[in-house]
K.L.:
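After the structure tokens below, expect a handful of questions from me.
Chain letters run A, B, ... following the sequence lines, proteins first and then strands; every chain starts at 1.
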Amino acid sequence: MDAAEYDLAFFRDGGFRRRTCAGCGQAFWTLGDFDRCQEAPCRDYGFVGRPLFARPYALRAMREAFLGFFEHRGHTRLRRYPTVARWRNDVFFTQASIYDFQPWVTSGAAPPPANPLTISQPSLRFIDLEEVGVSGRHFTLFEMMAHHAFNRPDHEVYFKQRTVELCHELLTEELGLDPKAVTYKEEVWEGGGNLGPSLSVGASGLELATLVFMEYVRDGERLVPMPLTVVDTGYGLERFVWASQGTKTAYEAVFGGAYDELRRTFPPRESAILIDHARALNFLLVDGVVPSNGKEGYFARLLLRRSLRILSKTPEAPDLPSVLDRVGRELSHDFPELGEHRDDLRRVVEAETERYAEAIERARVTIRRTEAKLRAEGSRVRGDDLVVWYDSLGVPPDVAVEELAEPPAIPPEFYKLVAARHESERPTTDYVDASEGFPAVPTSVAPTEVLYYLDPYTVAFEAHVVHVDGPFVVLDRTYFYPTGGGQVADRGHLGDLEVVDVGRRGPHVLHKLERPSPFHVGDRVHGRIDPTRRTQLMQHHTATHLLNGALREVLGPHVWQAGAHKAPEVARIDVTHFRPIAPEELRRIDRRVNAIVREDRPVKSYFESRTEAERRFGFTLYQGGAVPGKELRVVEVEGFDVEACGGTHCTHTSEVGAIQILDVERIQDGIVRLSYASGERALELREEHEAILKEAAKRLGVAPDHLPSGIERLLGEVEEARRLSRSRARTDLEGLAAELLADPKRATTVGRATVVAARVELERSALGELSKLLCRQEGRLVILASERDGKGTLFVGSTAPGVSALGVLEAARPAFSAKGGGNPSAATAVGEPGAPLEQALEAARSAARAMATSG
RNA sequence: GGGCACGUAGAUCAGCGGAAGAUCGCUGCUUUCGCAAAGCAGAGGUCGGGGGUUCAAAUCCCCCCGUGUCCA
């Protein structure tokens, strides 16, 4: 980055000097007399015991000082965004204040909610998890205070000059930092394809803030100026508080009384981890994360389990819900939403606590057993085993060691060994703004005017063809709904041709015809949509919203839609929930959702600016995931459920008809799926089910209400018949065995063995059975030959001392080209096609006699 | 989303290329006034599903499904 980028009038006119740090080699600006920048590791912490600011601030006071400062200087104060970034599909969590405005605001697609603005955004970073409690300054959740400005070519709010000016004024005049103590270090920031110069603000060893100026797009080596430039600042609230108090660790300064309370029971490190995790969990759980084994839920589980482990090691420790509650109440003064839904939060935590206890118990059993086995083999448990156990059973090494009689040393770099097991993994990304199997449309083609948004009831229309590609036709306007948002596409006709699929590519809707299009650009076509299918899809889609609302009401606010599918035949919704839905809960959901249908509430669909919709309804709008665009289409079931959704909907709930829940299943850890039908389809299904029931009853010859007992009876009979047939088969084989033994031509006693050799035509498995029956006594040598499908099988079984079944088989091999093998008590060989089975039987018999005699 | 572990009798699990096992529970008999207990006998298995390799697969390979766990 060119040095001129940092050469601000504010620095030059203000008497700042540009120097090069003797530590890191970076250039920096300062009023002071330093040869090094004032950030670790170029200098040590100097503020411990010597606070940086004029007076000590608690967390709330500092946040208020910051936001107030910028409010007084023309910034609008914004409430925090959720810690789970539902409006994005590229990250799980909000990791910085700028995440709130990416990608729609920073790309220029949507206007900022205010400009300039100031915010203190709770942000999550799991990268330093291991440092929490150890370093004295790391947190999993921290608040990033910020002031942001978004500059358009026609409207510049402010950029570098004013940003640094504001920052400097805040630090020195508002907070009373010595102007000479600050250094502004030149850096380059890059992320998400954008980059720009940035300044790292340091004092007394601490990096207090980063001032980023996003102004370029990277195009290979070239830097292209962005049309919209962005001031992205980040001030660490916790660091400011710490610097103002000069305590030994940041935790004491930030968490105050609650931390001191924990310190009475726990050592400093454990206290810090507990309180840090409790804070992060309060935000995560209130923002609707359900602990699970994947995605964002995993991080909640990680924090919960780390906390539970610490608590379990101390007998007089409080339980986890109390710890969370204590911290949650404190936070609710500043974030009122954290005071709500405490019961729901408690239930989630209790369920998770049980699960963890179960997991650990399971692991303990496995560990004890494995050690017993290893010791029986003369071996013992090694450090590697601890790594495998942690990875596959979830048991931490210190817990595993407790279970072992001869514990190995825990490998010194335990977590590195765990990481090494995950090296070959690759993260994957997705997100396509296009239906699969639909070709790209040239950008010169005008975007399709989508009419189904405005009026979902119109099913016939006139339009002009604007683009043709094989069977794919793009119209200037359409009422056809393309597959999207979990709703499958409409069907119907364009002219006389059937529309077999409808998809979307960016701003274009493509109609796929049954065969290559006879239409040409400019043609006027008549479109007709299959009205029955459309109505059913509308009913299912609206039913999905109603169920989502009822699920949240009955199960709790942790319920979020995790996926949905709306087809004419059946609809499904997947939601996050921490345990299977109980039958009683399901009844309540069923009643509630059908009550809403009967109440005939209006369902309004309209477009609204993203910013305004978020303000009015909150982020629960994003049930269907991240939605692109500056405007959201809001679907509002009056007084019940509001979601951003592009689907076709009924205008009143009664149109949905009775909703019949067909099935509930747990499809993943933390996710349950409901299948249901409504409208005509629900009636159809009911008729089908009744018919099936009647048919089944008729076949069984009982009345439908006696079906269960009838089936019970039938199963008993089947069981009895099976038992009988099995015992008959065995009787037959026993009869055959007795027959063979009684026949002097087949059974002869030689030496100490009775040799039974016979040709029997039986299945291979029956040969074994028969041999087993014949070998119930000691001193038997059984040779059975059988031919099936042109392949001869020779089976040898032996209980004769000193006569090996395998040996007999080998002796017969020269006469019988066959593959086979076995052990001394049983051996099998299957001959090549045409191999002489009779001669093999003879050869085996002679060999067996010879062996029995000599043995 | 990926790695790893696991899936065998009603339950808990062993077996990890050569004829499906143990313990508990269950049924019957012996014993007892009855129960418990003990002894004896017995029932109970598509070895998660589907492909493949092999003369032979619970066992080895591949693909699914399910459970758990770790990592993003």
K.L.:
For B:rU67, give its Watson-Crick or G-U wobble partner with both distances under 3.5 Å, or none.
P.N.:
B:rA5
K.L.:
Taking a pair as Watson-Crick or G-U wobble with both distances under 3.5 Å, which nucleotide is matched to B:rU54?
P.N.:
none
K.L.:
For B:rU12 versus B:rU67, give the span between their P atoms, rounded off to a whole number of Å.
P.N.:
16 Å
K.L.:
Counting only Watson-Crick pairs (N1-N3 plus N6-O4 or O6-N4) and G-U wobbles (N1-O2, O6-N3), all under 3.5 Å, who is the partner of B:rG17?
P.N.:
none
K.L.:
Under a 4.0 Å N-O cut-off, is there an ion pair linking A:R309 with A:D398?
P.N.:
yes
K.L.:
Strictly by Watson-Crick or wobble contacts shorter than 3.5 Å, is anything paired with B:rA22, and which nucleotide is it?
P.N.:
B:rU12
K.L.:
Does the structure show a Watson-Crick or G-U wobble partner for B:rA41, both distances under 3.5 Å? Name it, or say none.
P.N.:
B:rU27
K.L.:
For nucleotides B:rG21 and B:rA58, find the distance between their P atoms and express it as a whole number of Å.
P.N.:
13 Å
K.L.:
Between B:rA37 and B:rU32, how far apart are the C1' atoms? Round to whole Å, please.
P.N.:
11 Å
K.L.:
For the residue pair A:T748 and A:R849, confirm or rule out a side-chain donor-acceptor distance under 3.5 Å.
P.N.:
yes
K.L.:
Go ahead and name the base partner of B:rG34; Watson-Crick or wobble counts if both distances stay under 3.5 Å, otherwise write none.
P.N.:
none
K.L.:
Please name the pair of heavy atoms, one in A:V290 and one in A:H558, separated by the smallest distance, quoted to 0.1 Å.
P.N.:
CG2-O, 3.6 Å
K.L.:
Does A:R369 or A:G768 map to a spot on RNA chain B nearer the 5' end, using the closest nucleotide for each?
P.N.:
A:R369
K.L.:
Please work out if A:N293 contacts a base, only the sugar-phosphate, or nothing of the nucleic acid, heavy-atom cut-off 4.0 Å.
P.N.:
base
K.L.:
By nearest atom, which of the nucleotides B:rA19, B:rC13, B:rC70 is closest to the A:Y390 side chain?
P.N.:
B:rC70
K.L.:
Hey, do the aromatic rings of A:Y81 and A:Y99 have their centres closer than 6.0 Å?
P.N.:
no
K.L.:
If I pick the P atom on B:rA36 and the same atom on B:rC6, what distance separates them, to the nearest angstrom?
P.N.:
40 Å
